[in-house]
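What follows is a single structure, written as structure tokens, with notes after it.
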There are 2 protein chains.
Amino acid sequence: MLTPAKRHLEDLPADHPCAGCKVRDKAVCGVLDCADLTSFKSLGRTVRLSSGQVLFHEGDPVSRVFTLTTGTLKLYNLLADGRCHVAGFVSPGDFLGISMDDEHVFSAEAVEASQLCWFPRTRFDGFVEDHSPMERELYRMAAHELASAHQQMMLLGRKTAIERLATFLIVLAGRAAGTSDSVGTMVQLPMSRSDIADYLGLTKETVSRVLSSFRRDHLIRLCSVHQIEILELRRLELLAASGA
Amino acid sequence: MLTPAKRHLEDLPADHPCAGCKVRDKAVCGVLDCADLTSFKSLGRTVRLSSGQVLFHEGDPVSRVFTLTTGTLKLYNLLADGRCHVAGFVSPGDFLGISMDDEHVFSAEAVEASQLCWFPRTRFDGFVEDHSPMERELYRMAAHELASAHQQMMLLGRKTAIERLATFLIVLAGRAAGTSDSVGTMVQLPMSRSDIADYLGLTKETVSRVLSSFRRDHLIRLCSVHQIEILELRRLELLAASGA
DNA sequence: CGTTCGATTGAGCTTTCTCAAGCACAGTGG
DNA sequence: CCACTGTGCTTGAGAAAGCTCAATCGAACG
């Protein structure tokens, strides 16, 4: 399964330095000689995707490891009849393509203009072998992801639409609070309403309706379609927990 | 949070050999000197739980590592208002309590009479340190769990009740086919309908209704409440994929 | 300025849930 | 050995949450 996005990868200017790469997860730097990791990353080449472009498809061979430098990707799976589940969104600093499998278990698509840097998977594997604490770190990261996955399953299996969106906004707000380009309670929603719906197990109409109800209740302000301000985090947290 | 089940643990006959322990996941044995692991496990002590007894609660400190020898446990989380999500069921041979966290992220409760053997967590950590391939193996296991978690999220977010139950039965049938105590298409359901519902994001009534509809359509036979025979695996697989 | 595509809003419908009653079976005591 | 009882399972009827289909709105872009 050769994708357009993959051909796109080959078209890169060779040896583009990957200055923008940064490691989101501080713990990775903690266990490694940070200089090692940075120098390793500087070996990467960049790839640019415009909104809607697919980086790889579910089932494609895993031949590269990526880190996202700017933009946002969605990771998703499709059922035979077209129903979609978005497994998660990739933010700058996140890794992509680190896997024990030989095939990607997701498709990855840019939801806005994005830039990544990549290395051959073999080189990454070699890097891990040369830096044994990295193995433990990978395990730690997988365990962490597993914990979030279980919270998401609780959300999908047992929470109401209102609780799902409240939870979603709170998590985004919490993540944004840790980055530089956030002013207080401003939250970016680069993805479409459909993407949010597929992530939360709802329809785009329900997402729209619930966000509108939050707006009517003065919990949030819709600055634009892709940017909202959280006005009442406290009440939103109450909604996320119990839906009351 | 000290649980009755924990007091129960201390009441064990000391130095009970743990002959029944077996490693479900062959890959673990593959990377280790199998004798090492077996001898390690023989250091364990056994604990018996009757149906409904709790082994540990969410938030309890992780002080022990378990392997289940007989029976079935459920791992679950509760919301403040009592809504329950069952994260998974533990079968003989499965590990329990292996974690990078200091606190359990689930509660664990026996859904039928069960027997486990356990070791102090510190001893297990030491064992892992002495057997470095084990680290990689733990990572592999976490990655594998993560993959199933994502399939479960697709199920919870996008599949119908019929598809969920069909998927559930097929997975159980596939697992049973790998063990000795299964005759063809017989599937054990040791857990209650409520447990299945909390696992699939449904209500016990819906579980009951869908199983009844499968029976009416001659897809399964309800030998007893906790044992069903799969009559038409093929059609069940079609249902699981597309609900048609 | 018109077009297009996603977001929003509305109306009716479907699936699943809730509440409630009846059923089956295992364990208990007469 | 059999009625009694409790618990969990099944089934039914009505309600509700969220979905589907459809119309409108609005911002971005040529």
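Residue numbers start from 1 in every chain, and the chains themselves are labelled A, B, ... in the order their sequence lines are given, proteins ahead of strands. Here the structure is a predicted model, which means the values were calculated and not measured.
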### Query
Who are the side chain to side chain contact (heavy atoms under 4.5 Å, CB included) partners of Val105(B), not counting sequence neighbours?
Asp101(B)
Under 3.5 Å, which donor-acceptor pairs do the side chains of residues 230-241 of chain B form with other protein atoms, sequence neighbours left out?
| unit_1 | atom_1 | unit_2 | atom_2 | d |
| --- | --- | --- | --- | --- |
| Glu232(B) | OE2 | Arg235(B) | NH2 | 3.2 |
| Arg234(B) | NH1 | Glu237(B) | OE1 | 2.5 |
| Arg235(B) | NH2 | Asp217(B) | O | 2.9 |

### Message
Tell me which residues in residues 206-221 of chain A lie within less than 4.0 Å of DNA chain C, going by non-hydrogen atoms.
### Response
Ser208(A), Arg209(A), Ser212(A), Arg215(A)
Collect all protein-nucleotide pairs involving nucleotides 27-30 of chain D in which both atoms are nitrogen or oxygen and the distance is under 3.5 Å.
none

### Task
Identify, with sequence neighbours excluded, every residue that meets side chain to side chain contact (heavy atoms under 4.5 Å, CB included) alongside Ala149(A).
Leu146(B), Ala149(B), Met153(B)
### Message
Need two values: the first and the last nucleotide of DNA chain C, 5' to 3', having an atom under 4.0 Å from any heavy-atom of chain A.
### Response
dA7(C) to dA11(C)
### Angle between terminal axes - the helix from dC1(C)-dG30(D) to dG30(C)-dC1(D), 5 pairs each end, rounded to 10°
30°
### Sorted by number, the residues of residues 191-204 of chain A with heavy-atom contact under 4.0 Å to DNA chain C
Ser192(A), Arg193(A)
### Message
Could you work out, with side chain to side chain contact (heavy atoms under 4.5 Å, CB included) as the rule, every residue matching Ser192(A), not counting sequence neighbours?
### Response
Ser194(A), Asp195(A)
### Query
By side-chain hydrogen bond (donor to acceptor under 3.5 Å, both in side chains), which residues pair with Glu145(A), not counting sequence neighbours?
none
### Query
Which residues satisfy the salt bridge (Lys or Arg N to Asp or Glu O under 4.0 Å) test with Arg193(A), sequence neighbours excluded?
none
### Query
Given atom CD of Glu163(A) and atom C1' of dA17(D), what is their separation to the nearest angstrom?
12 Å
### Asn77(A): side chain to side chain contact (heavy atoms under 4.5 Å, CB included) partners, not counting sequence neighbours
Glu58(A), Phe106(A), Met154(B)
